[in-house]
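Computation of the quantities below employed the complete heavy-atom set of this structure, encompassing side-chain atoms and omitting hydrogens, waters and symmetry-equivalent molecules.
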Amino acid sequence: LAGGHSLIPVMKLRLADPGVVIDIGRIDGIKGVCPDGDTVKIGALTTHGEIEHSTELPAALPEAAAMIGDPAVRNRGTVGGNVAHADPASDLPTVLMALGATFEMAGPNGKRTVAADDFFTDLFETALGEDEILTTISVPANPGGSAYAKLFNPASRYAMVGAAAVVKMAGGVCTEARVAVGGLTAMATRCPSVEAALVGTACDAAAIEAAAGAVSADLGEVNGDIHASAEYRAAVCPAFVARAVTMAVARA
């Protein structure tokens, strides 16, 4: 148990019945945001509110954290619990995927590190072992311009569609791009078709629109529910990809 915003609802719904619950919330060694050379390390017990107000992190992370729930949720919920739970409608996995984050885990067999591309494996599933805890998330200190945009569920503020973009520009041309989406897929999903369409362009409005339109090739199976159909989510996804890329380019 960290912030409790994933585990307690699951227990209330009788979807989990652990024999023992251990509160790790007061372990200071895995809290806080700490610059470390070319990276910034985020302790797993760092709250969304701390990320929201951090000046050390790439812009997309505070931006996404500010969109989570309400102040009560942001002041208790933790980044580690959020990504370990891997809710498909969560915001931070999408941003961490776009940033190329790495996840450090610890267990009885020692520590190991997994890249974001390999950490999220399926619906509510990650590479985290049953006998491991997530301790630290590392992100690049200067990844380029980054941004996050989402279609809110108006009641819960979960992402019905979320898009994160990280863009590097040189000489007025995009040299590198990482784009990810969430909310409409089973897990945070990289968008290589969008990335390839952006690289080598000036990232003007026409190029961004064309690249965002390529996202349909990257989505795979799209989720639908009582809040929005799969067809609707797929239809609006390019607009949110375009918004995220446009903001990222401006910040680059």
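Between Arg74 and Ile68, the closest heavy-atom pair is NH1-O, 2.8 Å. For the pair Arg190 and Asp117, the tightest heavy-atom approach, listed with the atom from each and the gap, is NH1-OD2, 3.0 Å. The shortest heavy-atom contact between Thr94 and Ala164 is O-CB, 3.8 Å. Between Ala165 and Ala248 the shortest heavy-atom distance is O-CB, 3.7 Å. The two residues Ala64 and Tyr148 come nearest to each other via the heavy atoms CB-CD2, 3.6 Å. Heavy-atom minimum distance, Ala149 versus Met247: CB-CE, 4.1 Å.
Rounding to the nearest 0.5 Å places OH of Tyr158 at 12.5 Å from CG of Asp225. The structure places CG of Leu61 at 13.0 Å from CD of Glu56, a figure rounded to the nearest 0.5 Å. Distance check, rounded to the nearest 0.5 Å: CG of Leu128 to CD of Glu130 gives 8.5 Å. Separating the CZ atom in Arg76 from the NE2 atom in His5 is a distance of 7.5 Å, to the nearest 0.5 Å. The NE2 atom of His85 lies 8.5 Å from the OG atom of Ser90; values are rounded to the nearest 0.5 Å. Considering NZ of Lys150 and CE of Met67, their distance stands at 7.0 Å, rounded to 0.5 Å.
Lys41 pairs in a side chain to side chain contact (heavy atoms under 4.5 Å, CB included) with only one of the listed residues (Thr136, Thr135, Thr46), which is Thr136. Each of Val245, Leu99, Val139 was scored for a side chain to side chain contact (heavy atoms under 4.5 Å, CB included) with Val166, with one residue passing: Leu99.
In this structure, Asn153 contributes its side chain and Ala159 its backbone to no donor-acceptor pair below 3.5 Å. Put simply, the side chain of Arg178 gets close to the backbone of Met97: a donor and an acceptor are under 3.5 Å apart. Arg251 contributes a side-chain N or O that, together with a main-chain N or O of Ser146, makes up a donor-acceptor pair within less than 3.5 Å. Asp218 places a side-chain N or O within donor-acceptor distance of the main-chain N or O of Ser193, the cut-off being under 3.5 Å.
Contact annotation: the side chain of Thr189 never approaches that of Phe120 to less than 4.5 Å [non-hydrogen atoms, C-beta and beyond].
Counting non-hydrogen atoms of other residues, nucleotides and ligands closer than 6.0 Å to OH of Tyr232 gives a total of 12 or fewer. Counting heavy atoms of neighbouring residues, nucleotides and ligands inside a 6.0 Å radius, atom CG of Leu15 exceeds 12 of them. Counting non-hydrogen atoms of neighbouring residues, nucleotides and ligands closer than 6.0 angstrom, the CG atom of Asp23 exceeds 12 such neighbours.
Under the 4.5 Å side-chain heavy-atom criterion for grouping Ile, Leu, Val, Met, Phe, Trp and Tyr, Leu219 is not connected to Val95 through any hydrophobic cluster.
Ring-plane geometry between Phe119 and Phe103 is classed as parallel, the angle between the planes falling under 30 degrees on a 0 to 90 degree scale with a further cut at 60.
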Item to complete: Quick one: do Arg157 and Asp91 satisfy salt bridge (charged side-chain N to carboxylate O under 4.0 Å, His left out)? Show the steps, please.
Response: CA-CA 10 Å; Arg157 291 174 62 85; Asp91 303 292; over 6 Å; no
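We find that Arg112 and Glu132 are joined by a salt bridge, their nearest charged nitrogen and carboxylate oxygen being less than 4.0 Å apart.
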